[in-house]
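A short write-up of the structure that comes next.
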Amino acid sequence: MTEHLTVVSHPLVQDKLSRMRDKDTPTAEFRSLLREAGQLLAYEATRDLPMTTRRIETPLCEMDAPVLACGAPVLVSILRAGNGLLDPVMDLLPDAPVGFVGLYRDEETLEPVQYYFKVPAEIAERPVIVVDPMLATGNSSAAAVALLKRAGARDLRLMCLVAAPEGVTCMKRAHPDVPIVTAAVDECLNEHGYIVPGLGDAGDRTFGTK
Ligand SMILES: O=P(O)(O)OC[C@H]1O[C@H](OP(=O)(O)OP(=O)(O)O)[C@H](O)[C@@H]1O
Ligand SMILES: O=c1cc[nH]c(=O)[nH]1
Ligand SMILES: [Mg+2]
C-alpha cells in the first residue's frame, strides 16, 4: 500500500456507516452493520497483500493459480472495540493467526492504558492488519503499533471505521510506514476526545454497555 491514508468511499460502506452513526440504531443492528462494513473495509485493507502462485489442477488442466504469498496475514484487535471489526475479517481470513492488544483510554489524560498483550509468533514474518473502529487522538493505535513493532512486526496496516484528522496526523508522525484504511475522516475531536460527528463510543455501542 503506497498511500498513507485510504478513505473507502464505496456507497455500501458509507450507507452502513451512516446507519451506525445514528444514535437510535440499536446494539444488534449496530453490530450487524459493523460486521458488514468490516468485510468491505477488509477487502480494501488486504488489496496489496503479497501474492505468489501455486501449481494446481482444475478439472480441465494444470495452472499456476494466484495465492497469498505468506499465508493469511496476522490480525490484531485493539481491545475491546476492535473485536467488533475482528469478527468480519476473521470470516474472510479463517486461517489468520490473531493477536490482542488490550488498551483503554484514560478519560482524563486521553492516554492509553495497557492491560493485555498476546500476539502470535507469525507477527514477525507476515503482514499484520491492526483493527480498531475508532482513531481519535491516535494515541491508542500509535501505542499498539509501537508494541507490535517491539514484538517484531515489520509490515503493518491499520484498519478503522472512523478517524479524526488528529488521529491520522498522530499516526503519520509516529508510524509513517503504517498505512491507514478508514471509511471516514470526520471533522474534529470534542473537548472529551470524542470524534465529531463520529458515532459515540464504539465499544459501548457494539457491546451494549454505557
Ligand atoms: O485514538 P484514541 O484517542 O486513543 O481513541 C480511540 C480508542 O478509544 C476506543 O477505545 P476505548 O478506550 O473506549 O476502549 P474500549 O474499546 O474498551 O471501549 C477505541 O476503540 C480506540 O481504541
Ligand atoms: O469518538 C470516539 C473516540 C474514542 N473512542 C470511541 O469509541 N469513540
Ligand atoms: Mg470505549
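Just follow the structure's listing: the first ligand is 1, and inside any ligand the first atom is 1.
Between Asp132, Val101, Val113, Leu110, it is Asp132 that holds the heavy atom closest to atom 20 (O) of ligand 1. In the candidate list Met134, Glu111, Glu107, Met134 is nearest to atom 6 (C) of ligand 1, counting heavy atoms. Distances from atom 7 (O) of ligand 2 to the heavy atoms of Ala202, Gly203, Ser140 show the closest one on Ala202.
Proximity of a side-chain donor or acceptor of Gln14 to a complementary backbone N or O of Ala183 within less than 3.5 Å is detected. Within the 3.5 Å criterion, the main-chain N or O of Gly198 finds a donor-acceptor partner in the side chain of Arg21. One N or O on the side chain of Arg205 and one on the backbone of Leu199 form a donor-acceptor pair closer than 3.5 Å.
Of all protein heavy atoms, the one closest to atom 2 (P) of ligand 1 is Thr137 OG1, 3.3 Å. Closest protein heavy atom to atom 13 (O) of ligand 1: Asp201 OD2, 3.7 Å. Nearest non-hydrogen protein atom to atom 8 (O) of ligand 1 is Arg105 CD, 4.0 Å. Nearest protein heavy-atom contact of atom 4 (O) of ligand 1 is Ser140 OG, 2.5 Å. Scanning the protein heavy atoms around atom 17 (O) of ligand 1, the nearest turns out to be Arg80 NE, 3.2 Å.
Contact annotation: for Asp204 versus ligand 1, there are no heavy atoms closer than 4.0 Å.
Distances between N or O atoms of Ala81 and those of ligand 1 include at least one value under 3.5 Å. Ligand 1 has no N or O atom lying under 3.5 Å from any N or O atom of Ile78, backbone or side chain.
Between Leu34 and the choices Leu85, Asn83, Leu17, the side-chain contact (heavy atoms from CB on, under 4.5 Å) rule is met once, by Leu85.
Short contacts between ligand 2 and Gly193, defined as distances under 4.0 Å to a heavy atom of the residue, involve ligand atoms 3 (C). Counting atoms of ligand 2 from 1 in the listed order, those under 4.0 Å from a heavy atom of Ala136 are 3 (C), 4 (C). For ligand 2, the atoms closer than 4.0 angstrom to any heavy atom of Arg105 are 3 (C), 4 (C). For ligand 2 and Gly200, the ligand atoms under 4.0 Å from any heavy atom of the residue are 1 (O), 2 (C), 6 (C), 7 (O), 8 (N).
Tyr115 does not carry Arg80 over the face of its six-membered ring by the limits of under 6.0 Å from the centre and within 45° of the normal.
Atoms CG and CG, from Leu103 and Asp132 in turn, are 8.5 Å apart once rounded to the nearest 0.5 Å. One distance of note links CD1 of Ile129 with CG of Leu156; it measures 10.0 Å at 0.5 Å rounding.
At a cut-off of 2.8 Å, Asp201 coordinates the Mg ion (ligand 3) through an N, O or S atom.
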